[in-house]
Amino acid sequence: MTTPSPQSLGSKSQMHQDMIDGAYLRNAWYVAAWADHIGDGQLVARTIMEEPIVLYRAADGSVAAIEDRCAHRFAPLSMGKIVGGDRIQCPYHGLEFDRTGACVHNPHGAKNIPSRARVRSYPVIEKHKAVWIWMGDAPADPAKVPDFAVLDNVPELYTTKRDSITIAANYRLVIDNLLDLSHTSYLHEGILGNADTVESDITVEQDGDDVVVGRHATNSAPPGMFAQFWPGHPPRVDKFTKMRWMAPSNLRLFTGICKTGAAPESGTGYNAIHMLTPENERSTLYHFTAVRFGVMTTDDALNRDLQKKIADMRRFAFAEQDAPVIEAQQRAIESAKRSLDPVTLAVDVGPVRYKRILDRMLQAERA
Ligand code: FES
Ligand SMILES: [Fe+2]
């Protein structure tokens, strides 16, 4: 997956802007990494909203995030090392920066520390097994971390690998993909959807600032993965999906199968987690995992097998099926020589609704 160079881009029409808008909501939490992917002594480099950032664990175990660009000659601090428990030493000439971004040690000359020797620091919070970073100038509000409580206090055996990929496309195209699950019947035919699930009842609700898109396919053959969750399942079932978008770019899906006409909660499936972090206008860092609910398989060995199968299947679906189409879509939009005006279908109600909310939030932030 490669990112097209800025030189390869044509000029963008207003419609291009709407679909692949480079504006980011800054006063919001974004996932920088899975918490267990930042080990002691490690320096983890990220680009978030075009800003280079380095994350590390301080001596007390808490995560710190500072600008990954030394104030001296701009070497990436992530190439340096942690010294004294809490500071990063620049790899180039040894300036040391603490978690507030202040230079606290200059090994050269009279060892004075120039007042401009500082880098930016970012508020971070560890919650729901992820490290969240606040990119804006407004005070960081811990209450605004999106609700992924389904990840807390669950047996590891029912949770799949905490994984991530990078998609070379604007984060909005990835949200569009996730809020319009009609694509599962085509792009993911056989594993996440099938011909029976094309004809689904679609509901779109707004819950505060969240958008919830439901798809309910009654009397369907159970799609591949879900059939395995339910030994002895009936030949026809209901397949349900409820995708919740939480601003700016985090989504939680409740999906599975149940007896025809029964309540979804009585069935079996998983809560699927999708956390999108814009790296730049045309690259998105995508963290994902899934947590099973209504587990009907009691054998540990089988559950371990399913845990791996779900993880592998989802990674395959996102990296090998969604990403190539979304990346090609990005290139097709960028390279258009005329203004594009997309046709709107019944399945687009969710994407249209979230865009309206996100654009309102962006406008409020600019104001
Ligand atoms: S570039 Fe960091 S100390 Fe010189
Ligand atoms: Fe998909």
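In listed order, ligands and their atoms are each counted from 1. Every heavy atom of this structure was used, including side-chain atoms; hydrogens, water molecules and symmetry mates were not.
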Met361, CE atom: more than 12 neighbouring heavy atoms under 6.0 Å: yes
Asp322 and His188: CA distance, side-chain angles, deciding distance, side chain to side chain donor-acceptor pair (under 3.5 Å) verdict: CA-CA 8 Å; Asp322 287 311; His188 310 302; 3.0 Å; yes
Side chain to side chain, Asp176 and Lys355, heavy atoms closer than 4.5 Å: yes
Arg244/Asp147 salt bridge by N-O under 4.0 Å criterion: no
NZ/NE/NH1/NH2 to OD/OE distance under 4.0 Å, Glu156 and Arg162: yes
Residue pairs passing the side chain to side chain donor-acceptor pair (under 3.5 Å) test where at least one lies in residues 54-64, sequence neighbours excluded: Arg57-Glu126, Asp60-Ser62, Ser62-Arg99
Atom 2 (Fe) of ligand 1 - number of protein N/O/S atoms closer than 2.8 Å: 2
Angular separation of NE2 (His183) and NE2 (His188) seen from the Fe ion (ligand 2), to 10°: 100°
